Amino acid sequence: MKNNIRIYLVGAKTALASRMAYRGDFFMSMLIMLLVEMAAPVITILIYQNGATFPGWNMYEALLIQGVFLLGKGIAYPFFFGIVWNTIERVQNGTFDLLLIKPKSVLFMAIVTGFDAEDLGKLVGGVTLFTLALSRLPAPEPGAWLQFMVLFTITLMVMFGYGLVLAGLGIVWIGNFRVYEIFESITSFGLYPTAIFSKSLQTIITLVIPVAILGSVPATVLLGRPSPGTLGAVGVSLLFLLFSLGFWRWMLKKYTSVGG
Amino acid sequence: MGRRTKIGKKIGYWFGVLKATAFSTYKEWAAYRSQMAISIFVGPVFFLIQLFIWRAVYATRTTLNGLTLEQMLTYYGIVAVIGYLTYDSADWDLQWLIRNGSFLTYMLRPVSYCFLAFAQKIGHRLLALWVEIIPVGLLFLFVFKIRLVPAEPGWALFSLGLSFVLVFLTNYCIGITAFWLTKTEGIRRAFLTLRNLSAGMLIPLNFFPAWMQKLLFYLPFQFITYVPTRVFIGHYELAGISLSIPRVVGLQVVATLVMLVVARLLWACGIKRFTGVGA
């Protein structure tokens, strides 16, 4: 474990050093990563400022959901979600083979070499929005914080699962960076209160595809009114993680090493 | 008469170059059509989210900022289609060529890079027309009942054409900055973010506070998406200013010409810095 952490830190350090070769571009990209993620909160704020609402939700409650979502993304993207672009890029130019011959698991090496420093901007954005929204709402009970921590850990596990699925797709769908768009579109449902969606869609994003767990499920616990189906969402999330691990292994077996 | 023939020949030559480049780009990208076809999934899914957001918002009212629910959904439908129609990657392509030095090969050709890149965009978007734009349009029509029929087809088409050129020119300018910056990912993303927000791609511009609407009125970004969308709807209004469709399209022509001059100036300054070494 200690050795793995050391390897991960070396990978992160190397990625940061190589990105720093274009320092100006790096800092600008980091800032932009922060701003890009603010699209949904900006829309929410503008809706409320124009006198409209999401029925049953005040502006800060809605922003808290988005804050939790962005916080999850802010942790996932720099630290382990880089597995997606790293796999797609390496499979396309044929350097994925280099990971296969290392004396560590391919998955671990894909994470280590996929550290994405500029996505730390997303983390800054997530922390800022989460803190801002929470500061305008009644302070949650310690028990609520505990439940939130458990659910948020599952949020990160689900993010990891999505990363595995997308990276797995990148092995067979050569050079297709648009898989990110598929992910963004599906998970965008997690940016808003589930109550605004139809009943059938609520069931799908809570109990079939783990999307509500990325934002509204953990956020509602902090608000003291847990979402219906929270336990089911947890179960589905764990199943999803198992599925994604299996999917990654399956795709890995399909790797042909020919580039594209 | 002889002079006319000469001009005609020249136009014929350029048209031939444009046609050949567009056709080869079309064929090249046809190999990746499955990537393009992802829009058939992504576009309607994003639209579905907008549908639920605005249905919830309109649950307690019939109009918001002068728009009914139907008009709001039509707005997002048009924005999506304009986005697909005008998309290009001139910014990324140019910075990549400059960074790895292969731009050198384009300087040896008897055709300007700008013209070539524009012809490539035409080929790319012609492929997109049947792979993503028409299918997405049909999905909007049959699944979401959004009729994308312009109020004044002639003006809408002209405005869309100008938007097509304007997106190319602005992206091209971003690509040119690679002569100074080498890697332009940051400025490219910054510009895209600013553009999407200021062009009304995320939310209609009349949702912004009054002071910001006034600012946006004087910025060129509105001519990329907001103006063609409002021309499509048949009514333009921003910052409390209503303009007739011919007038606003006229302003769009001016914005396009200004952008053309800016692109030329930037190019003239930037090309002097090219060393052919890459970075």
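Values below: all heavy atoms of this structure, side chains included; hydrogens, waters and symmetry mates excluded. Per chain, numbering begins at 1; letters A, B, ... match sequence-line order. Owing to the predicted nature of the structure, the values given are computational and were not obtained by experimental measurement.
- With a 4.5 angstrom heavy-atom cutoff, Y192(A) touches chain B only via side-chain atoms.
- Taking the six-membered ring for Trp and the full ring otherwise, the centers of W267(B) and Y172(B) sit less than 6.0 Å from each other.
- Between chain A and the residues G43(B), A56(B), P209(B), the largest count of heavy-atom pairs under 4.5 Å involves A56(B).
- Proximity of L67(B) to P204(B): side-chain heavy atoms (C-beta onward) are separated by under 4.5 Å at one or more points.
- If you measure heavy-atom distances from R189(B) to chain A, the contacts under 4.5 Å come from both the backbone and the side chain.
- The local environment of CZ in R225(A) is crowded, with over 12 non-hydrogen atoms from other residues, nucleotides or ligands closer than 6.0 Å.
- Of the candidates V81(B), L148(B), V227(B), I82(B), F232(B) forms a side-chain contact (heavy atoms from CB on, under 4.5 Å) with just one, namely L148(B).
- Residues R195(B) and T225(B) have side chains that never bring a donor and an acceptor to within less than 3.5 angstrom of each other.
- The contact between I53(B) and chain A is made by backbone and side chain atoms together, counting heavy-atom distances below 4.5 Å.
- In this structure, the portions of E184(A) lying under 4.5 Å from any heavy atom of chain B include both its backbone and its side chain.
- Interface remark: L64(B) contributes side-chain atoms only to the contact with chain A (heavy atom separation under 4.5 Å).
- When each of F46(B), F41(B), Y58(B) is checked for heavy-atom pairs under 4.5 Å with chain A, F46(B) comes out on top.
- A distance of 6.0 Å or more separates the ring centres of F217(B) and Y226(B).
- In summary, of the residues considered (I187(B), N171(B), I176(B), T177(B)), a side-chain contact (heavy atoms from CB on, under 4.5 Å) with D91(B) occurs for N171(B) alone.
- For E132(B) and R125(B), the salt-bridge test passes: some basic side-chain N is under 4.0 Å from an acidic carboxylate O.
- If you measure heavy-atom distances from A190(B) to chain A, the contacts under 4.5 Å come from both the backbone and the side chain.
- Interface residue L201(A): only side-chain heavy atoms are found under 4.5 Å from chain B.
- The candidate from A39(A), P193(A), S188(A), A40(A) with the greatest count of non-hydrogen atom pairs under 4.5 Å with chain B is S188(A).
- Interface remark: T44(A) contributes no atoms to any contact with chain B (heavy atom separation under 4.5 Å).
- Of the atoms belonging to F208(B), heavy atoms from both backbone and side chain fall under 4.5 Å from chain A.
- Within the 4.5 angstrom heavy-atom criterion, only side-chain atoms of T193(B), from C-beta onward, approach chain A.
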Mind running ring-ring contact (aromatic ring centres under 6.0 Å, His included) on W54(B) and F207(B) for me, showing each step along the way? CA-CA 13 Å; W54(B) 294 107; F207(B) 272 73; 5.6 Å; yes
